[in-house]
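To keep things clear, I will list the structure first and then write my remarks on it.
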Amino acid sequence: MSTRPALPPLLIACALGIEHLALRMGDRGGAGGPVTVLRSGMGPKAAERSVTRVLADPALDGAAVLATGFCAGLAPGMHPGDLVVAEETRDPRGTVPCVGTELLVKELARTLPGHTVHTGPLTGSDHVVRGHERADLLAKGAIAVDMESAATLLSAVRPGERPVAAVRVVVDAPEHELVRIGTVRGGISAFRVLRSVLPAFFEWHRNVLLPRR
């Protein structure tokens, strides 16, 4: 009788307390290995520091890393509660290809039927993006922006290859900017979606093709 090899740990990184709360409230059943949910703090520098520190722990050797939380959608027609699965993350320091994007899209569609899932490049910023900056980033090919995903994945792959991905929930979109009426409703919708994503993350962790070490 063959024994399936033990999975490496999974590190799920988010920035904000409200994101961390949503993930803590999610269903932890079905995890295929040890799971750590990290609140990194807001912004790329905080994300880089926190992820680098946590991954230095021998207990997280070889961990798969998934960045998540809320984001601003850039494309017309996006709505609060939509999901963004990154094909790659970008910031001025570099681009990191994501692993298992199609698998994540499939699992999120199964876990959250009726919710729109967008795929494409996810770009990083060191500040909240509004107005013309959204249009500029969209023109460069990005479909969404947040402050931590790119820094998280860059920090994760700096020591060596590992499975990485980024999944974000739209809380702010071109027709639904945070400063407008409806912000609270959009935030509640995004919170509920983020609270429900863990089963898809665990399935990704279980099935993603791990790089050879």
Side-chain angles (χ1 to χ4, degrees), residues 4 6-40 63-75 77-89 96-122 142-146 148-150 152-153 156 162-173 176 184-210:
R4 187 172 183 178
L7 285 174
L10 172 62
L11 174 65
I12 301 172
C14 64
L16 305 177
I18 190 68
E19 297 166 341
H20 194 252
L21 175 62
L23 293 165
R24 284 173 51 205
M25 292 175 64
D27 182 3
R28 294 290 193 99
V35 179
T36 299
V37 179
L38 169 69
R39 179 186 173 188
S40 68
V65 176
L66 199 154
T68 195
F70 303 136
C71 71
L74 300 174
M78 283 183 157
H79 297 91
D82 285 1
L83 289 144
V84 173
V85 178
E87 294 175 341
E88 63 183 29
T89 58
V96 178
C98 294
V99 177
T101 297
E102 291 182 4
L103 174 60
L104 275 168
V105 171
K106 175 184 173 184
E107 290 303 323
L108 288 166
R110 185 178 64 82
T111 304
L112 290 156
H115 287 268
T116 302
V117 182
H118 306 269
T119 60
L122 175 62
I143 64 165
V145 58
D146 75 86
E148 297 84 24
S149 291
T152 293
L153 298 200
R162 70 174 78 240
V164 294
V167 176
R168 290 276 170 169
V169 182
V170 174
V171 73
D172 179 38
H176 305 272
V184 173
R185 183 178 178 184
I188 292 172
S189 173
F191 180 89
R192 287 174 175 165
V193 172
L194 188 61
R195 190 177 60 189
S196 304
V197 296
L198 286 179
F201 292 178
F202 296 156
E203 200 64 25
W204 171 82
H205 180 222
R206 239 191 316 272
N207 292 288
V208 73
L209 180 62
L210 298 176

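Hydrogens, waters and symmetry mates play no part in the numbers below; they use all other heavy atoms, side chains included.
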Point-to-point distance, once rounded to the nearest 0.5 Å, from [atom1] of [X] to [atom2] of [Y]:
| X | Y | atom1 | atom2 | value |
| --- | --- | --- | --- | --- |
| L153 | L122 | CG | CG | 8.5 Å |
| S189 | H79 | OG | NE2 | 10.5 Å |
| T89 | E148 | OG1 | CD | 12.5 Å |
| F201 | T68 | CZ | OG1 | 3.5 Å |
| C14 | R168 | SG | CZ | 8.0 Å |
| S149 | E88 | OG | CD | 13.0 Å |

Which pairs, with at least one residue in residues 191-202 and sequence neighbours excluded, count as a salt bridge (charged side-chain N to carboxylate O under 4.0 Å, His left out)?
none

Tell me if a side-chain donor or acceptor on [X] pairs with a main-chain N or O of [Y] at a distance below 3.5 Å.
| X | Y | answer |
| --- | --- | --- |
| H205 | P8 | yes |
| T101 | A86 | yes |
| E87 | T119 | no |

Decide side chain to side chain contact (heavy atoms under 4.5 Å, CB included) for V37 and R24; before the verdict, give the C-alpha distance in whole Å, the side-chain angles of both, and the deciding distance to 0.1 Å.
CA-CA 8 Å; V37 179; R24 284 173 51 205; 5.6 Å; no

Quickly, which of V85, L103, V193 forms a side chain to side chain contact (heavy atoms under 4.5 Å, CB included) with L108? Name it, please.
V85

Closest approach of [X] to [Y] (non-hydrogen atoms, all atoms of both residues):
| X | Y | value |
| --- | --- | --- |
| A156 | V164 | CB-CG1, 4.0 Å |
| A22 | F191 | CB-CE1, 3.5 Å |
| W204 | G100 | CD1-O, 3.7 Å |
| P163 | V208 | CB-CG1, 4.0 Å |
| V167 | L104 | CG2-CD1, 3.8 Å |

Which residues satisfy the side chain to side chain donor-acceptor pair (under 3.5 Å) test with R110, sequence neighbours excluded?
E107

Set of residues satisfying side chain to side chain donor-acceptor pair (under 3.5 Å) with respect to H118, sequence neighbours excluded:
D82

Got [X] and [Y] here, is their nearest side-chain heavy-atom distance under 4.5 Å?
| X | Y | value |
| --- | --- | --- |
| I12 | L198 | yes |
| E19 | L194 | yes |
| F202 | V35 | yes |

Please evaluate residues V170 and C71 with respect to the criterion side chain to side chain contact (heavy atoms under 4.5 Å, CB included), reporting the C-alpha separation (whole Å), side-chain torsions for both, the decisive distance (0.1 Å), and the verdict.
CA-CA 5 Å; V170 174; C71 71; 4.0 Å; yes

Residue pair V169, L83: steps toward the side chain to side chain contact (heavy atoms under 4.5 Å, CB included) verdict
CA-CA 5 Å; V169 182; L83 289 144; 3.9 Å; yes

